[in-house]
Amino acid sequence: SMQRQIIAQREGVPCPRVRSFQGRVLRTLPDGTVYMVMEFCPGAVPDRDGITAEQMNAIGAACGAIHRIFSQLPPQGVRGFPLDKRSVLDGLWEHYRSQMAECRAEKAEKNAVGMRSEMPPEFLRALEREREILEKLSPDFLSRLEMGIGHEDFTPDNMLLAGDRVSAILDFDRSQYGFLLHDVGRAILSLALKDGELDPGKADAFLEGYVEQRSFGENGKMQVVPATNSTTHLPVRPARERDFSQVVPALRQSLRRRAGVRTKGNTPVVTSCRPPYGMDVCARLFRKRSFGWNRRAANTEPQREVRG
C-alpha cells in the first residue's frame with residue numbers, strides 16, 4: 001500500500017510524499033519500532049455540513065485519479081486479490097446475523113433481571129433494513145460491479161482541503177483489491193448526506209469530477225485523455241458538455257428502493273443507509289447511459305482498456 005501511495009503521488013495525486021533515507025522508506029528505532037516520514041501537507045478536514053459543490057468536484061477528481069492510476073498496476077500480490085464475490089455476500093449476511101444475535105442476547109439478559117434493553121431502537125431498525133436489502137440482492141449483484149485496486153478508506157477523515165482544492169488524500173494503509181464503487185459510495189454518503197437528506201447537487205459534483213478522470217465507456221472500457229485542471233492539478237479529460245439529467249432521478253429511485261426513504265418535497269430523506277446500500281446506489285448510477293453504460297455491459301464483467 002505504501003508503494004501505491006508513492007506511485008499515486010508521483011503521478012500527480014495530492015498525497016504526502018514519503019521521505020526515503022539511504023534508499024529506504026521504512027526506518028527502525030533502537031527499540032524495534034518501525035516508522036516512516038512523510039512530508040507535511042497543509043489543509044483542513046472537509047466540513048461535512050458546509051462542504052461545497054466545488055470541493056465535492058475536486059474530491060471526486062482525486063478519487064477518479066486514484067482509480068485510474070491503480071488500474072494500470074498488476075493486481076497480483078495485492079491484498080484482497082483474487083476476491084471471492086460470493087464470500088463477500090456471505091460475509092454481509094454473517095454480519096447481520098452476528099449483530100442480531102448480540103441484540104437478542106442483550107435483550108434476554110436484561111429481561112432476566114427485570115431491566116429494559118438499552119439497545120437503541122434506531123440500531124434495530126437499521127439491522128432490519130440491512131436484512132431487507134440483503135434479501136433483495138440477486139446472487140449475481142456483486143458480479144456486475146467493477147473490481148480493482150482502490151483506496152478503501154475514502155472518508156473525510158483521510159482528506160485535506162485548501163479552499164476548493166484537495167491538498168492531500170491520506171492513509172493508504174487499507175488500500176486493496178475490491179469493489180471500486182465502494183470508494184465512490186462511501187464518499188458520497190459521508191459528504192452529501194446531512195440530517196438524513198441527500199444533496200443531489202453535491203453527489204452530481206463528485207461524480208462529474210470522477211468521470212473527468214475516469215469515464216466508463218461502452219463495455220466498461222476506460223478512456224483517459226491527459227489535460228490540465230487548475231483546481232485539482234491532475235490530468236483530466238478536456239471539458240465537454242455532460243448530460244447529468246438522469247443522475248438525480250436515478251439516485252432518488254434507487255434511494256427509495258434500497259433504503260427506507262420518506263419524501264420531503266422533491267428531496268429524498270434517508271431513514272437508513274447500511275452496507276451494501278452505498279455500492280448499490282453508485283452501481284445503479286454508473287449503469288445509466290449518462291455515464292456511457294448500457295444494460296448489457298452492466299451485466300458482464302468489464303474489460304478495461306487504457307488509452308492516452
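We number each residue from 1, following the sequence as shown.
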Taking the side chain as every heavy atom from C-beta outward, state whether [X] and [Y] have any pair of such atoms under 4.5 Å apart.
X	Y	result
L180	F70	no
F154	V184	no
R214	C63	no
R131	M100	no
I51	I59	yes
W93	E135	yes
Q99	F123	yes
K107	M119	no

Heavy-atom neighbours of [X] [atom1] exceed 12 at 6.0 Å:
X	atom1	value
E94	CD	yes
Q76	CD	yes
F21	CZ	no
E106	CD	yes

For the atom pair [atom1] ([X]) and [atom2] ([Y]), what is the distance rounded to the nearest 0.5 Å?
X	Y	atom1	atom2	answer
C103	L127	SG	CG	5.0 Å
H182	M147	NE2	CE	12.0 Å
S87	L92	OG	CG	9.5 Å
T52	K202	OG1	NZ	8.0 Å
D199	D204	CG	CG	9.0 Å
R24	M36	CZ	CE	14.0 Å

Derivation of the side-chain contact (heavy atoms from CB on, under 4.5 Å) call for I188 and L207: CA-CA 9 Å; I188 290 177; L207 294 172; 4.1 Å; yes
Are [Y] and [X] co-members of a hydrophobic cluster defined by side-chain heavy atoms under 4.5 Å apart?
X	Y	value
V78	L145	yes
I7	Y177	yes
I6	L170	no
M38	M159	no
L29	V37	yes

Does [X] use its side chain to pair, donor to acceptor, with the backbone of [Y] at less than 3.5 Å?
X	Y	result
D153	R174	no
Q176	I149	no
R4	S175	yes
D31	T33	yes
Q213	A62	no
H67	L181	no

Smallest separation among heavy atoms of [X] and [Y], with atom names:
X	Y	answer
E118	K110	OE2-NZ, 3.8 Å
A58	D164	CB-O, 3.4 Å
S138	R144	OG-NH1, 3.6 Å
C41	C15	SG-C, 4.4 Å
A65	V13	CB-CG2, 4.0 Å
S190	P156	CB-CD, 3.5 Å

side-chain contact (heavy atoms from CB on, under 4.5 Å) evaluation trace for L161 with D47: CA-CA 9 Å; L161 299 178; D47 179 0; over 6 Å; no
Whether Y210 and F206 hold their rings parallel, tilted or perpendicular, with breakpoints at 30° and 60°: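 The arrangement is parallel - the two ring planes meet at less than 30°.
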Sequence neighbours excluded - salt bridge (charged side-chain N to carboxylate O under 4.0 Å, His left out) pairs with any residue from residues 154-163: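 Residue pairs with at least one partner in residues 154-163: R48-D157.
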Residue pair L89, F141: steps toward the side-chain contact (heavy atoms from CB on, under 4.5 Å) verdict: CA-CA 9 Å; L89 192 57; F141 171 76; over 6 Å; no
Verdict with reasoning, M56 to L191, per side-chain contact (heavy atoms from CB on, under 4.5 Å): CA-CA 8 Å; M56 288 291 291; L191 294 168; 3.5 Å; yes
